[in-house]
Amino acid sequence: MFEHVPAYPGDPILSLNEDFQLDPRANKVNLSIGIYFDADGKLPMMDAVRKAEAALLEMRAPRPYLPMAGLADYRDAAQALIFGAGSEVRKANRVATLQTVGGSGALKVGADFLKRYFPASQVWISDPSWENHRVVFEGAGHTVNTYPYYDEQTGGLRFDEMLAAIDRLPAKSVVLLHACCHNPTGVDLSLAQWAALAPVLQRRELIAFVDMAYQGFGAGLTEDAACVGLLAEAGVALIVASSFSKNFSLYGERCGTLSVVCVSADEAGRVQGQLMSVIRANYSNPPTHGAKLVAGVLRDPTLQRQWEAELSVMRERILSMRHAMHAGLAGRVDEVLRARYLAQHGMFTYTGLTERQVETLRNDHGVYLLRSGRMCVAGLNEHNVSYVVSAIAEVAGA
Ligand code: LMR
């Protein structure tokens with residue numbers, strides 16, 4: 001019966017991460033998947049989260065189904081973090097926010113919703129974008145196109161071309177944007193560039209679908225979400241997918257949210273209802289544990305402060321690794337390639353290494369990057385950074 005089912009070629013990120021786990025070499029370094037590892041190369045369990053979990057386990061609470069939209073406290077706390085606690089859209093109850101199964105789940109629920117109510121709309125993602133963006137939207141039946149984004153020559157942004165391309169899109173097109181820490185390039189729009197983009201999205205009646213998976217890993221929690229507030233204030237039709245995988249180090253708990261900004265509370269209520277029906281059709285309702293941990297931290301001012309402090313340490317550590325790469329590679333690789341470690345932001349840097357060089361790095365040195373040359377800087381630490389510098393200098397030396 002299933003003879004015609006072809007073999008799965010694997011996922012460029014998740015399958016590579018599985019290959020890494022199987023690699024027996026002791027000096028291997030995982031710079032492939034977007035996971036933050038601490039200074040000892042360990043996956044951190046944040047203290048604020050640990051405390052929230054201890055309190056939760058103490059309660060021995062029963063586990064009924066959550067509502068289709070998810071845990072109310074979690075939704076509200078996440079919405080405050082994304083849009084600002086006192087934002088106008090929140091005061092006016094104009095945002096429908098639902099708990100989702102991670103950021104990917106948020107994208108899928110949003111993609112299904114858009115397919116249902118905007119069946120003729122096509123989706124536009126940055127060139128390049130996170131590999132799974134295309135997969136999720138195509139999987140929901142959308143046609144996915146790209147807009148210019150990354151400039152391979154400079155390692156920066158082709159903003160004028162991006163803006164011009166978006167300014168030519170048909171009304172109701174969906175434009176997928178990365179709020180911060182662009183995946184895979186680490187190249188973000190400045191606030192001035194967001195301010196220039198907003199009126200174009202608004203005037204051309206486009207739907208901005210903002211993916212925010214790295215809030216707190218760029219410039220800070222508020223700074224990284226600034227574009228969301230800016231687009232909302234400009235009256236852009238706005239959908240936001242967010243994730244707590246990275247900033248709470250809760251990858252396996254699959255904690256995400258999907259928010260749709262509406263023109264009125266009434267509209268938000270109807271949109272919320274239809275999103276609930278999408279969730280019911282996919283997985284009925286989200287899981288409890290991770291959402292309770294996140295809500296437990298964000299609802300307690302002491303734990304929230306502690307979490308923010310821990311997150312700052314993570315952000316600073318990534319930055320120090322960027323500096324270490326930049327300093328270590330001085331005189332050893334082309335200056336244009338070296339400059340990227342400081343010019344790009346967040347977890348990822350687009351190293352400019354070719355597919356061939358990436359393969360040599362993996363085969364000969366046990367250093368894992370994505371085929372595209374994306375490096376997860378958060379996998380570096382004091383113990384492995386000079387090894388990685390030497391390996392890169394060897395494969396890409398000037
Ligand atoms: C990544 O880009 O590496 C992460 O977002 C993990 C994933 O699911 O791809």
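Start at 1 and go down the list; that is how both ligands and their atoms are numbered.
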Give a yes or no on whether the ring-centroid distance for Tyr350 and Tyr341 is below 6.0 angstrom.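 Between Tyr350 and Tyr341, the centre distance exceeds or equals 6.0 Å.
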Compute the ring centroids of Tyr214 and Phe348, then answer whether they are less than 6.0 Å apart.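 Ring-ring flag for Tyr214/Phe348: true, centres closer than 6.0 Å.
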Under 4.0 Å from any heavy atom of Lys246, which atoms of ligand 1 are there? 4 (C), 5 (O), 6 (C)
Below 4.0 angstrom from a heavy atom of Ile33, which ligand 1 atoms are there? Numbered from 1 as shown, please. 3 (O), 6 (C)
Decide whether an N or O pair under 3.5 Å exists between Trp130 and ligand 1. yes
What do you reckon, does Asn132 put a non-hydrogen atom under 4.0 Å from ligand 1? no
Same cluster or not: are Val278 and Leu238 linked, directly or through other Ile, Leu, Val, Met, Phe, Trp or Tyr residues, by side-chain heavy atoms under 4.5 angstrom apart? no
Heavy-atom check, side chain of Val210 versus side chain of Ile239, under 4.5 Å: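 Val210 vs Ile239: side chains apart.
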Under 6.0 Å from the ring centre and within 45 degrees of the ring axis: does the NZ or CZ of Lys28 meet both conditions for the six-membered ring of Phe20?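 Pair Lys28/Phe20 counts as cation-pi.
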Among Gly34, Ser243, Ala213, Ser245, which one has a heavy atom closest to atom 1 (C) of ligand 1?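 Answer by nearest heavy atom: Gly34.
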Does Arg374 approach ligand 1 within less than 4.0 angstrom via side chain, backbone, both or neither, non-hydrogen atoms only?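 For Arg374, only side-chain atoms sit under 4.0 Å from ligand 1.
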Honestly, for Tyr251 the part within reach of ligand 1 (heavy atoms, under 4.0 Å) is neither
Please identify which of these residues, Leu16, Val29, Leu31, meets the side chain to side chain contact (heavy atoms under 4.5 Å, CB included) condition with Tyr368.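 That would be Leu16; it is the only one of Leu16, Val29, Leu31 passing the side chain to side chain contact (heavy atoms under 4.5 Å, CB included) with Tyr368.
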